[in-house]
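The next block holds one structure in the form of structure tokens; read it before the comments.
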Amino acid sequence: MKPTMTQVQTRPAAELLVAEPSPKQDLWDTVVGTLDEAAARLNLDPGIHAILREPERELIVSVPVVHDDGSIRVYKGYRVQHSSARGPCKGGIRYHPDVNLNEVKALAAMMTWKCAVVGIPYGGAKGGIQVDPTGMSQREIERMTRRFTAMILPILGPKRDIPAPDVNTNPQVMAWIADTVSMLGGAAIPEIVTGKPINMGGSRGRKEATGRGGAIVTGELLKQMGRALTETSVAVQGYGNVGSYAARILRSMGCKIVAVSDVSGGLYNPHGLDLDAIDRAVADHPKRLLAGYTAGDVDRINNEELLTCDVDVLIPAALEHQIRADNADRIRARYIVEGANGPTTREADAILESRGVVVVPDILANAGGVVVSYLEWVQDLQNFFWEEEEVNQQLSNIMVRSFREVWGYAEAQEVPMRLGALMLAVDKVAEAVRSRGIWP
Ligand code: GLU
């Protein structure tokens, strides 16, 4: 039961959990650095370049949460809208201790490029709360989500900015967001958010969409390389919503999944992992972790060993900056498909390129999620819902078309896929800015 105000005990100020920004290498520097490179290659108008170098809007909010023990803790929350040139802003919300303004700005910009590269009519946004939700109760997460939603609501809207799941958020969190907005608005407004449960306006196929999109582009890449799926081994870092579905779908396409990992460590079997048994163990673990798998048919490896294990395809599907200058030269995979946002630093990218490793960049490889978010939003707006086959077919059409577009463009420009995808995206956004003009 929610405590009344008289029951609330306030913690001493020194204990308030408002952490310092993470000292990690800055994702925003990576994003601006690659944008500058693309702008130079495109000969982009300096004024438009300057517009794209800064987000349109940055909102920082303070989110007080009454915890189950009655104490109040205050968390920092963010919503950043990078660009609305091509349509309403779109992007996920993450709950993670490392969330900070620069990270959210970077992820918002990447959403702008992602939506442009796959040709869906959105700009880019991102949000998050600097919090470790793993030890929190569902009631605490619900209260935090509802308060955060109310705090950022002034800049949200189905035609303004539409959130979605990201790291440590899920359909239930989206349901609380939609319910909060609907309750405050006095009307059903499910189209305010995507990635909702199917029973309240979500789309069939959304949950698997990011992993499915990653699997589809992996299939296209291997086709380009003349490689058989059945002779391809895969390692997946991150066994959450992206990595676990990518692994399962690639296995159903014929690939051998030899290694997977999450925060609790990794599992390796060169003959292929028993994903069904692993999924059952993960479902039974209180924190849904691979640590729950205790069978003896695998070697236990750490995340570093996963990244450098002997496979054809590596799918980093965890957090940013996992592939860095200090491990890029030890990566043995010939192909990298970026399931996560920003998993590779710029230094590591240069090392991989010099070693001939082909990288399918995040803004293409993990776009399947936002593509089906778009399909969900379309279904919500017309109040007419499609069968899963229809959703999957549309997703496949968009991913295959986008992969081929990026592949052809990168080849013609003689640049790696990452730069090619970004140049294509920046060019499309710049065109929209030019068409609209600078208001007033
Ligand atoms: N969080 C996902 C991403 O980074 C999905 C965003 C969305 O569907 O709006 O692409």
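Computation of the quantities below employed the complete heavy-atom set of this structure, encompassing side-chain atoms and omitting hydrogens, waters and symmetry-equivalent molecules. We count residues from 1, following the sequence as given. Both counts, for ligands and for their atoms, begin at 1 and track the order of listing.
- The pair Glu140-Arg146 does not meet the salt-bridge criterion, since no charged nitrogen lies less than 4.0 angstrom from a carboxylate oxygen.
- Of the N and O atoms on the side chains of Thr112 and His82, at least one donor lies less than 3.5 Å from an acceptor on the other residue.
- Salt bridge Arg57/Asp161: absent, no basic N to carboxylate O contact under 4.0 Å.
- Residue contacts with ligand 1 for Asn341 involve side-chain atoms from C-beta outward but no N, CA, C or O (heavy atoms, distance under 4.0 Å).
- Of the protein's non-hydrogen atoms, Lys90 NZ, 2.8 Å is the one closest to atom 9 (O) of ligand 1.
- With Asp262 contributing its side chain and Gly238 its backbone, the two residues share no donor-acceptor pair below 3.5 Å.
- No option in Arg334, Arg227, Arg332 other than Arg227 meets the salt bridge (charged side-chain N to carboxylate O under 4.0 Å, His left out) test with Asp312.
- Under 4.0 Å from ligand 1, not a single heavy atom of Arg94 appears.
- When heavy-atom distances to ligand 1 are checked against a 4.0 Å cut-off, Glu376 has no atom that comes that close, whether in backbone or side chain.
- Residue, atom and distance of the protein heavy atom nearest to atom 10 (O) of ligand 1 are Lys114 NZ, 2.7 Å.
- For ligand 1, the atoms lying closer than 4.0 Å to a non-hydrogen atom of Ala164 are 6 (C), 7 (C), 8 (O), 9 (O).
- Looking at Ile162 next to ligand 1, no N or O pair under 3.5 Å apart turns up.
- With a 4.0 Å heavy-atom cut-off, ligand 1 is reached by the side chain of Met111 but not by its N, CA, C or O.
- With a 4.0 Å heavy-atom cut-off, ligand 1 is reached by no atom of Pro163.
- Among protein heavy atoms, the minimum distance from atom 8 (O) of ligand 1 is reached at Ser373 OG, 2.6 Å.
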